[in-house]
Amino acid sequence: MREVRVAGRAVSVKLRVVRIELRHLEMPLRFRFETSFGAMTEKSFLLARVFTADGATGIGECVAEVDPFYLPETNGTVAHVIKDFLAPLVFAHTFESPAETDGLFAGIRGHEMAKATLEMAIWDLFANERGESLTTTLGGEPKNTIPAGVSIGLQENAAALLERVRVEVAAGYQRIKIKIKPGRDVDLVRAIRKEFPKIRLMVDANSAYTLADADTLRAFDDFDLMMIEQPLAWNDIVEHGQLQPRLKTPICLDESITSDAAARSALSIGACRIINIKAGRVGGLLNSKRIQATCAARGVPVWCGGMLESGIGRLANVHLQTLRGFTLPGDTSASARYFEEDLIEPGVVVDSNGLIQVPKGPGLGHEIVWSRVDRATVHQEAWTT
Ligand code: OSB
Ligand code: MG
């Protein structure tokens, strides 16, 4: 059903999804991205599209990977859960608000990435149907720009890392994050600090350490880091709570925060002082808003993480960062860093001051180039009511 407008305001939008399309895409990355849990040379991911009978559409990019090395979900588990559990629930519901996926999906435990994929497509559907920017649908602030940071993977050696840092600092990025793991950590930070004493710098361990490494982690305190991201196990908030009081450097949790409840648990025991929000990891944009509000109420800064998304997920991240509380530069960088040819036109661009423009057009706000999407699609399925 089309919206009813009274004095230009949408007063009632009832949407029924009659078709869901799930594509599996493969896109070569312009660089090898190595973390403590593995290395990637291509992006292999799912895109979900929802359609109404009127032909309105919305799109959501999934952050799952081919393997369960970052978090438990994979492209395979997401496809299964969408097909067998989430799609039937969506088909049976009439939506008046994108927030309704929350109650709809509540009976399915975990599978945050699968839920987020459809949830984000439904937010985009509402934005498109109302003819407004996803920022507006989400309740973001009317910001024109958001600050950009960059995440640099593990490199061959310290010289190669320093060269990457030089390139990204020269490009204007406001914050540099480097990946670390045991044996490739404090010396790298020391080398960067020697050349760049003032840049905003942080490290991401992706769960590579244990409490027994507390002395190594404490050595980072000498380098004025903004934070250390997810040093300990992906599923151990309590041990982060034991580590944080032993460090001056704030801990930022990524993997451990898969829900607002997890954020509340972490903050209530002092397991972190900063939270990285990835909509895909926390079950979608509504939970991202909740976690942002939970953190704002406690004066805890949040920032938006990244999963090497194509332009589609990248634009959703840009809109998410218009919410109050996203005060720190995140991991959203320029499309051209990742892909020879992104799926959107124009790509996401970072200017020489390290700022990204927030699109103002309907939905995600940039054109999706379907010929490129088709070329990158290796498999596709669709279900209808
Ligand atoms: O831990 O933030 C992470 C990429 C894949 C999996 C996990 C992480 C990352 C990044 C990349 O750091 C951020 C980006 O450039 O999108
Ligand atoms: Mg991380």
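These figures come from a predicted structure and were not determined experimentally. This chain uses plain numbering: 1 for the first residue, then up along the sequence.
The closest side-chain donor-acceptor pair between Glu255 and Asn206 falls under 3.5 angstrom. In summary, the side chains of Asn276 and Glu229 do present a donor paired with an acceptor at a separation below 3.5 Å, with no hydrogens or angles considered.
Interatomic distance, CD1 of Ile275 versus CG of Leu267, reported as 4.5 Å (0.5 Å rounding).
At least one test fails for Arg193 against the ring of Phe223: distance under 6.0 Å to the centre or angle within 45° of the axis. Geometric assessment of Arg314 against the ring of Tyr338 yields a positive cation-pi assignment under the 6.0 Å and 45° thresholds. The cationic atom of Arg49 (NZ for Lys, CZ for Arg) lies less than 6.0 Å from the six-membered ring centre of Trp370 and within 45° of the ring axis.
Ionic pairing of Asp260 and Arg264 is present here: one or more N-O contacts between side-chain nitrogen and carboxylate oxygen are shorter than 4.0 angstrom. The pair Arg184-Glu34 counts as a salt bridge, with a side-chain nitrogen and a carboxylate oxygen less than 4.0 angstrom apart. With respect to Asp185 and Arg190, no salt bridge is recorded, no charged nitrogen being found less than 4.0 Å from a carboxylate O.
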message: Evaluate Phe95 against Leu104 for side chain to side chain contact (heavy atoms under 4.5 Å, CB included), listing each step before the verdict.
response: CA-CA 10 Å; Phe95 287 91; Leu104 205 58; 3.6 Å; yes
- request: Determine, step by step, whether Arg281 and Met307 satisfy the side chain to side chain contact (heavy atoms under 4.5 Å, CB included) criterion, reporting the C-alpha distance in whole Å, the side-chain angles of both residues, the deciding distance to 0.1 Å, and the verdict.
  value: CA-CA 10 Å; Arg281 192 194 67 227; Met307 292 292 286; over 6 Å; no
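Here the side chains of Thr216 and Val186 are in contact, with some heavy-atom distance below 4.5 Å. Taking 4.5 Å as the limit, every side-chain heavy atom of Phe33 sits out of range of all side-chain heavy atoms of Leu154.
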Give every donor-acceptor pair under 3.5 Å between a side-chain atom in residues 377-385 and any protein atom, sequence neighbours left out.
from: Thr377; atom 1: OG1; to: Arg23; atom 2: NH1; distance (Å): 2.9
from: Thr377; atom 1: OG1; to: Val373; atom 2: O; distance (Å): 2.6

Could you list the donor-acceptor pairs under 3.5 angstrom formed between side-chain atoms of residues 110-118 and any protein atom two or more places apart in sequence or on another chain?
from: Lys115; atom 1: NZ; to: Ile108; atom 2: O; distance (Å): 2.3
from: Lys115; atom 1: NZ; to: Gly110; atom 2: O; distance (Å): 3.2
from: Thr117; atom 1: OG1; to: Met113; atom 2: O; distance (Å): 2.7

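Residue Lys83 qualifies as open at atom NZ: its count of foreign heavy atoms under 6.0 Å is 12 or below.
The other members of the hydrophobic cluster of Trp303, by chain and number, are Met202, Met226, Met227, Ile274, Leu328 (side-chain heavy atoms under 4.5 Å, ILVMFWY only).
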